[in-house]
Structures are given as structure tokens and as C-alpha cells.
Amino acid sequence: MSRQPKGLQHLSRKQAMRKEYARILIVCEGEKTEPAYFNYLIDRYRLSTANIEITPAGGSDPISVVRYAKQCKQEADKKGNPF
């Protein structure tokens, strides 16, 4: 009993069933500690498939962090890759 060759339809790949993950922006005050903390959480909980971007704001007062987050969001929206 030899196997019969399958048709070409069996050689094509299946379409993706999983939806894309939303992008998440985390803006923090510090440049070392906070990004390291969030990167640890990403590694610890195996969030490699999540689209998380961690960005230090470069300022220590809360209003500058919020301004920087708004600026990052606006730039991402213009590029067509929103958070």
C-alpha cells in the first residue's frame, strides 16, 4: 500500500487565527531602575508576544512624564502604529 500524493491545497499554510496584540507604551521617570523592573516582569511572565515598549521620559516631574507620553503617542499615531 503506497501513499498517494496529496493535492496542492494541502501544501498551503493555514491562515493566522490569533489576533494581533495591542501595543502598550510604558513611560517612566528613571532611565535604569524602572525599565529594568518592567523588563524583568516581561521576562518573568513570558510576555514576549506582547508589544510593550518601555521608554524613560528624561524628566523627574510628573507633568513632563505625561507630556512625553502624549508626544510618543502622537508620533506613533502619525506613523500608523498606535499604542
Side-chain angles (χ1 to χ4, degrees):
M1 298 183 127
S2 64
R3 293 186 179 191
Q4 296 178 1
K6 295 182 178 181
L8 293 177
Q9 61 193 10
H10 295 288
L11 296 177
S12 62
R13 292 180 181 242
K14 294 180 181 179
Q15 290 183 341
M17 302 293 283
R18 188 178 294 173
K19 293 181 182 178
E20 289 185 26
Y21 292 102
R23 287 183 66 211
I24 300 170
L25 174 65
I26 299 175
V27 180
C28 50
E29 292 178 10
E31 295 182 17
K32 295 181 182 178
T33 306
E34 289 89 347
Y37 172 75
F38 286 115
N39 284 322
Y40 168 77
L41 291 176
I42 291 168
D43 291 340
R44 171 70 172 92
Y45 293 104
R46 298 180 183 159
L47 300 175
S48 61
T49 56
N51 295 323
I52 300 174
E53 186 173 323
I54 303 165
T55 307
S60 61
D61 58 326
I63 194 70
S64 66
V65 174
V66 171
R67 284 183 188 143
Y68 184 73
K70 286 182 179 181
Q71 177 186 354
C72 289
K73 183 185 178 330
Q74 289 173 351
E75 289 175 7
D77 289 344
K78 286 180 184 177
K79 292 179 181 178
N81 195 8
F83 290 105

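Please read these numbers as outputs of a predicted model, since none were measured by experiment. The first residue of the sequence shown is numbered 1, and numbering continues consecutively from there.
Taking hydrophobic clusters as Ile, Leu, Val, Met, Phe, Trp and Tyr residues chained together by side-chain heavy-atom distances below 4.5 Å, Val65 does not share a cluster with Ile63. Tyr37 is connected to Ile52 through a chain of hydrophobic side-chain contacts under 4.5 Å among Ile, Leu, Val, Met, Phe, Trp and Tyr, so both are in one cluster. Follow the hydrophobic side-chain contacts under 4.5 Å out from Tyr68 and you reach Leu25 in the same cluster. Linking ILVMFWY side-chain heavy atoms closer than 4.5 Å, directly or via other members, places Val27 and Ile24 in two distinct hydrophobic clusters.
Here the straight-line distance linking atom CZ of Phe83 with atom CD of Glu75 works out to 9.5 Å at 0.5 Å rounding. We find the CD1-CD distance between Ile26 and Glu53 to be 10.0 Å, quoted to the nearest 0.5 Å.
Checking Lys73, Lys79, Gln74 one by one against Asp77, the side-chain contact (heavy atoms from CB on, under 4.5 Å) holds for a single residue, Lys73.
Taking all atoms of both residues into account, the shortest heavy-atom contact from Ser64 to Ser60 is OG-N, 4.1 Å. Of all heavy-atom pairs spanning Gly58 and Glu31, the tightest one is CA-OE2, 4.4 Å. When every heavy atom of Pro56 is checked against every heavy atom of Gly30, the shortest pair comes out as CB-O, 3.2 Å.
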Should Asn39 and Ile54 be marked as a side-chain contact (heavy atoms from CB on, under 4.5 Å) after you check the CA-CA gap, both sets of side-chain angles, and the distance that decides it? CA-CA 8 Å; Asn39 284 322; Ile54 303 165; 3.4 Å; yes

